[in-house]
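Notes follow the structure.
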Amino acid sequence: MAHAHQHESIEQELECVSQVPIFQRLAADQLTSVAQVTRPVVAKKGGTVFSTGEVSQTLYIVNVGQVRLYHLAEDGREQVLRVLNPGDFIGEIALFTDEIHSSYAEATKDSELCTISRASLTALIKDMPQLSMALLGALADRLKTAERQATLLAIPDALPRLAGYLQEISGHQAGTIDLPMSKQDLAAYLGMTPESLSRKLRQLVKDGVIETIGRRQVKVLDSSALAAVAPE
């Protein structure tokens, strides 16, 4: 479970909010105003940040660590929706509607987050109109990412699904990429089992398309070969 963490300085909150793209164009005094209404919380690895069914009235920003957002399917399998790394945030929809969380958020590492209540963020937007445009931009990016995931999940064969994902995060270029999540979470994100993901990665390695480096890096050796496997 995430726990509120009290301290007197706002340095941690300033560090947290300054990482977030929607706040990065604010002046220093405006950033301080945001930090002053920000509350830090800590979540141990495996701890729940929020659960399905809870009312969403908070913006959560990851400062340190990692949080994964997932649904539980009817058969009990997890469908990973997103993995939040430092600077990423969730809960902006709570600004516009009394939303009930339809997913779970769980820390995959010991994590520090900062939170801003709906009332505080609404007041900030009134004082800083440029924030509303930045939030709309962030929502548009979120929608595009969700649409891309839905498109990938609609592909029946796991190999093109994986190739399409690798092509996307590599920017259609050869070179080394850091996977933004664990392979177990990546499998759940792509709607396959970890065993299937491992087999498909080995197949791409065997075919000379990629090379795996450690647990969290992939080197695209042949971007045109990867494009040939990926869906149109």
Side-chain angles (χ1 to χ4, degrees), residues 1-7 11-13 15-21 38-94 99-118 138 142 145-146 149-150 152-153 158 161-162 165-166 169 177-201 212-218:
M1 194 69 191
H3 298 286
H5 188 63
Q6 293 296 325
H7 63 116
E11 279 179 31
Q12 182 184 338
E13 289 86 340
E15 177 200 344
C16 188
V17 297
S18 63
Q19 289 192 75
V20 185
T38 299
R39 297 289 172 265
V41 297
V42 294
K44 291 290 182 190
K45 180 179 179 178
T48 302
V49 177
F50 59 75
S51 296
T52 183
E54 292 177 7
V55 178
S56 165
Q57 292 190 321
T58 307
L59 186 78
Y60 295 88
I61 303 164
V62 179
N63 186 24
V64 176
Q66 188 178 69
V67 172
R68 66 193 191 113
L69 203 65
Y70 67 93
H71 276 320
L72 278 182
E74 286 181 10
D75 61 5
R77 280 192 309 170
E78 290 180 4
Q79 170 62 58
V80 173
L81 305 172
R82 287 179 62 216
V83 170
L84 307 173
N85 290 300
D88 291 336
F89 59 91
I90 189 69
E92 67 287 350
I93 292 171
E99 189 80 6
I100 301 291
H101 285 300
S102 58
S103 53
Y104 296 87
E106 177 192 275
T108 57
K109 304 174 180 176
D110 286 352
S111 299
E112 295 172 11
L113 300 93
C114 45
T115 65
I116 305 177
S117 72
R118 177 184 185 170
R142 192 74 39 89
T145 302
Q149 185 187 18
L152 284 174
L153 289 173
R161 210 181 305 157
L162 172 61
Y165 176 79
L166 292 175
I169 65 166
I177 44 178
D178 293 312
L179 294 176
M181 58 188 94
S182 69
K183 286 179 181 160
Q184 184 172 352
D185 282 341
L186 178 57
Y189 180 81
L190 293 173
M192 56 179 87
T193 63
E195 297 75 23
S196 176
L197 175 67
S198 295
R199 279 197 305 274
K200 301 307 176 189
L201 283 169
T212 53
I213 305 164
R215 297 169 66 181
R216 293 289 283 266
Q217 284 188 319
V218 170

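Since we're looking at a predicted model, the values are computed, not measured.
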- Query: Do you see a donor-acceptor pair shorter than 3.5 Å between the side chains of Gln66 and Thr108?
  - Reply: yes
Quick one, [X] and [Y] - any side-chain contact, counting heavy atoms below 4.5 Å?
{"X": "Leu197", "Y": "Lys183", "answer": "yes"}
{"X": "Asn85", "Y": "Pro180", "answer": "yes"}
{"X": "Leu69", "Y": "Ile90", "answer": "yes"}
{"X": "Lys200", "Y": "Arg161", "answer": "no"}
{"X": "Leu186", "Y": "Leu190", "answer": "yes"}
{"X": "Glu106", "Y": "Val67", "answer": "no"}
{"X": "Phe50", "Y": "Ser103", "answer": "yes"}

Expected output: side-chain [X] to main-chain [Y] donor-acceptor under 3.5 Å:
{"X": "Asp110", "Y": "Lys45", "answer": "yes"}
{"X": "Thr115", "Y": "Leu59", "answer": "no"}
{"X": "Asp185", "Y": "Ser182", "answer": "no"}
{"X": "Ser111", "Y": "Ala107", "answer": "no"}
{"X": "Arg39", "Y": "Ile116", "answer": "no"}
{"X": "Ser196", "Y": "Thr193", "answer": "no"}
{"X": "His71", "Y": "Glu78", "answer": "no"}

Contact summary for [X] and [Y], nearest pair of heavy atoms:
{"X": "Met192", "Y": "Ala158", "result": "CE-O, 3.5 Å"}
{"X": "Asn63", "Y": "Pro86", "result": "O-CB, 3.4 Å"}
{"X": "Asp88", "Y": "Arg82", "result": "CB-NH2, 4.4 Å"}
{"X": "Val62", "Y": "Gly65", "result": "CG1-O, 3.7 Å"}

- Derivation of the side-chain contact (heavy atoms from CB on, under 4.5 Å) call for Val49 and Tyr60: CA-CA 9 Å; Val49 177; Tyr60 295 88; 3.7 Å; yes
Could you tell me the separation between the [atom1] atom of [X] and the [atom2] atom of [Y], rounded to the nearest 0.5 Å?
{"X": "Gln79", "Y": "Leu153", "atom1": "CD", "atom2": "CG", "value": "5.0 Å"}
{"X": "Cys114", "Y": "Gln19", "atom1": "SG", "atom2": "CD", "value": "8.0 Å"}
{"X": "Leu179", "Y": "Thr212", "atom1": "CG", "atom2": "OG1", "value": "9.5 Å"}
{"X": "Leu152", "Y": "Leu162", "atom1": "CG", "atom2": "CG", "value": "9.5 Å"}

- Between Tyr104 and Tyr70, what is the ring plane arrangement, given parallel below 30°, perpendicular above 60°, and tilted in between? parallel
- Within 45° cone and under 6.0 Å: Arg68 NZ/CZ vs Tyr189 ring: no
- Exceeds 12 heavy-atom contacts within 6.0 angstrom, atom CD of Gln184: no
- Above 12 or not: heavy atoms from other molecules or residues under 6.0 Å from CZ of Arg216? yes
